[in-house]
Protein chains: 2
Amino acid sequence: MATKKRTKDEWIAAAVEALAEGGVDAVRVERLARTLGVTKGSFYWHFTDRGTLLSTLVQGWEAGGTQDVIAQVDALGGDARARMRRLWEVTQGDRGLAAELALRDWARRDPEVAARVQRVDDARMGYVRALFVEMHPDADDIEARAMLLYSLLIGNYFIRARHGRRGRPRVLSEAIELLMAAQPS
Amino acid sequence: MATKKRTKDEWIAAAVEALAEGGVDAVRVERLARTLGVTKGSFYWHFTDRGTLLSTLVQGWEAGGTQDVIAQVDALGGDARARMRRLWEVTQGDRGLAAELALRDWARRDPEVAARVQRVDDARMGYVRALFVEMHPDADDIEARAMLLYSLLIGNYFIRARHGRRGRPRVLSEAIELLMAAQPS
DNA sequence: CCCTCTCCATACGGTTGCGTATGGAACGTA
DNA sequence: TACGTTCCATACGCAACCGTATGGAGAGGG
């Protein structure tokens with residue numbers, strides 16, 4: 001099995017894995033080399049230095065982090081409510097979410113990462129906004145609802161509170177239904 | 001000025017500062033020593049090792065991270081709505097919020113930190129829950145609203161989307177008012 | 001068979017950081 | 001003055017990394 005040849009993508013995949021488990025500072029080239037069963041020599045042939053690895057990593061995340069999810073949701077069709085529920089399921093089961101959270105923390109101190117996260121967030125918020133508009137065409141609080149939903153999506157993984165015997169998943173779905181409900185006025 | 005004596009609390013304060021700016025992995029004893037204008041010798045007199053510094057750091061955060069805010073909010077009195085709006089203002093202006101966010105990311109890979117974050121979240125959620133109960137005594141979606149509000153508080157700092165000419169602060173206050181509104185049913 | 005291109009191993013110098021060991025300065029106290 | 005306590009400086013060994021330099025194995029082409 002020990003194919004001693006490692007492609008550029010394999011290095012990036014290993015970097016994403018390390019990012020998800022230990023944050024940016026855990027992405028070390030000599031560690032990745034051990035994981036991949038090779039030495040640094042391989043790395044410095046594929047990349048010029050550690051910075052370019054990290055750079056291409058976030059670049060790839062931006063490229064595939066938005067359209068994949070949206071396409072996956074739209075594939076099944078349905079009305080706005082159905083698609084929003086599906087959006088939730090898709091993003092929750094995502095295996096790469098841990099990496100994304102580490103990446104968001106990383107974005108707080110790296111301008112390039114921050115810029116890419118912003119573009120992804122803009123795209124996703126645009127999609128969520130469109131769903132809410134489809135539900136309530138004449139509502140004036142679309143933006144607030146979209147921000148609440150997206151915050152729930154992200155904050156869910158940074159908040160560790162317990163909810164009694166109700167359970168987190170149940171509370172979350174209740175929250176989504178609340179956001180999709182008609183205007184209170 | 002160069003008081004060459006550094007107390008234990010000064011070391012912790014410097015550690016919090018480093019945590020806020022660069023995450024846990026930026027909390028290095030030799031770096032802190034340079035910042036404080038002393039050498040490692042001072043550190044290893046006050047602490048046994050780096051681990052105990054980090055441990056006492058999160059311990060102090062748990063101790064002061066909850067009651068301070070709640071006391072500050074309750075001090076002015078007012079009804080539940082007024083206190084919730086005040087809760088928002090207080091937490092937003094908090095200078096130590098960057099450290100808390102770094103700490104939450106850290107909690108994803110350190111069980112001790114995770115346990116402390118959970119206790120803090122439970123306490124805060126309890127307070128938010130109580131506010132919502134005071135507003136809507138017979139509502140059955142209290143937990144969902146509390147979770148949404150708390151998610152907004154946290155997610156706000158991890159989300160970098162733009163909101164057109166409306167502006168983030170305005171969207172946030174609209175979201176809070178939406179959560180405080182009566183039940184849609 | 002040789003040559004070249006691709007990919008990786010090995011070895012090196014330099015930096016950063018941890019924890020320890022030991023000495024010393026400042027200061028109060030007997 | 002002699003002495004002990006408190007707090008920090010200095011120096012050391014060790015480990016983990018980074019980036020570079022250089023050589024070498026393997027495959028394909030001529």
Side-chain angles (χ1 to χ4, degrees), chain A residues 1-60 99 102-103 105-106 109-113, chain B residues 1-60 99 102-103 105-106 109-113:
Chain A
M1 48 179 174
T3 310
K4 305 290 280 184
K5 297 262 183 169
R6 294 300 179 180
T7 70
K8 196 167 181 174
D9 289 337
E10 284 178 298
W11 277 100
I12 296 178
V16 172
E17 186 69 24
L19 173 68
E21 290 200 1
V24 206
D25 295 290
V27 182
R28 305 278 126 184
V29 344
E30 299 194 283
R31 272 180 57 90
L32 299 180
R34 273 194 297 274
T35 304
L36 293 175
V38 291
T39 65
K40 295 192 301 182
S42 172
F43 177 85
Y44 286 101
W45 192 90
H46 289 292
F47 305 88
T48 70
D49 56 4
R50 180 172 173 267
T52 53
L53 168 67
L54 296 178
S55 195
T56 58
L57 191 156
V58 285
Q59 195 175 337
L103 196 142
D105 190 68
W106 176 20
R109 33 187 187 274
D110 188 307
E112 182 200 337
V113 181
Chain B
M1 48 180 175
T3 309
K4 305 290 281 186
K5 297 263 185 168
R6 295 299 180 180
T7 70
K8 196 167 181 174
D9 288 338
E10 286 178 298
W11 277 100
I12 297 179
V16 172
E17 185 70 24
L19 174 67
E21 290 200 1
V24 206
D25 295 291
V27 183
R28 305 277 125 183
V29 344
E30 300 194 281
R31 273 179 57 89
L32 299 181
R34 274 194 297 273
T35 304
L36 294 174
V38 291
T39 65
K40 295 191 303 182
S42 172
F43 178 86
Y44 286 100
W45 191 89
H46 289 291
F47 305 88
T48 68
D49 57 3
R50 179 172 173 266
T52 54
L53 168 67
L54 295 178
S55 196
T56 58
L57 191 157
V58 285
Q59 194 175 338
L103 195 143
D105 190 66
W106 177 18
R109 34 187 186 272
D110 188 307
E112 182 200 336
V113 181

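Lettering of chains follows the sequences in order, A, B, ..., and the numbering in each one begins at 1. Atom set for the values below is all heavy atoms of this structure, side chains included, hydrogens, waters and symmetry mates excluded. Just so you know, these numbers come straight off a predicted model, no measurement behind them.
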**Item:** pair B:Phe47-B:Thr56: side-chain heavy atoms closer than 4.5 Å
**Value:** yes

**Request:** Ignoring the backbone of B:Arg31, work out which of D:dC18, C:dA9, C:dG17 is nearest its side chain.
**Result:** C:dG17

**Message:** In whole Å, I'd like the distance from the CZ atom of B:Phe47 to the C1' atom of C:dG17.
**Reply:** 17 Å

**Message:** When you compare the side chain of B:Val38 with that of B:Phe43, does any pair of heavy atoms fall below 4.5 Å?
**Reply:** no

**Asked** C:dT22 C1' sits how many Å from B:Tyr44 OH, rounded?
**Response** 16 Å

**Prompt:** For A:Lys8 and C:dC8, what is the distance between atoms NZ and P respectively, to the nearest whole Å?
**Reply:** 13 Å

**Item:** Validation row: B:Leu32, B:Val29 side chains within 4.5 angstrom (heavy atoms)
**Value:** no

**Complete:** B:His46 NE2 to D:dT6 P, in whole Å, measures 12 Å

**Prompt:** Between C:dA9 and A:Arg6, is there an OP1 or OP2 to side-chain N/O distance shorter than 4.0 Å?
**Reply:** no

**Complete:** 5'-most contact on DNA chain D (nearest-nucleotide basis), B:Thr7 vs B:Glu30, goes to B:Thr7

**Message:** Using whole Å, what does the distance between atom C1' of nucleotide D:dC7 and atom NZ of B:Lys5 come to?
**Reply:** 5 Å

**Prompt:** Within the pair A:Arg34 and D:dC17, is there a side-chain N or O less than 4.0 Å away from OP1 or OP2?
**Reply:** yes

**Message:** By nearest heavy atom, map A:Phe43 and B:Trp45 onto DNA chain D; which one lands nearer the 5' end?
**Reply:** B:Trp45

**Prompt:** Atom NZ of B:Lys40 to atom P of D:dA9: distance rounded to whole Å?
**Reply:** 12 Å

**Prompt:** Does atom CZ of B:Arg31 have more than 12 heavy-atom neighbours, drawn from other residues, nucleotides or ligands, at distances under 6.0 Å?
**Reply:** no

**Request:** Let me know the distance between CG of A:Asp25 and P of D:dC17, rounded to the nearest Å.
**Result:** 11 Å

**Request:** Give the rounded distance in Å between these two atoms: CG of A:Asp49 and C1' of D:dT20.
**Result:** 12 Å

**Prompt:** Are any of the side-chain heavy atoms of A:Val24 and A:Leu103 separated by less than 4.5 Å?
**Reply:** no

**Message:** Does a side-chain N or O of B:Arg50 approach OP1 or OP2 of C:dC18 to a distance below 4.0 Å, or not?
**Reply:** yes

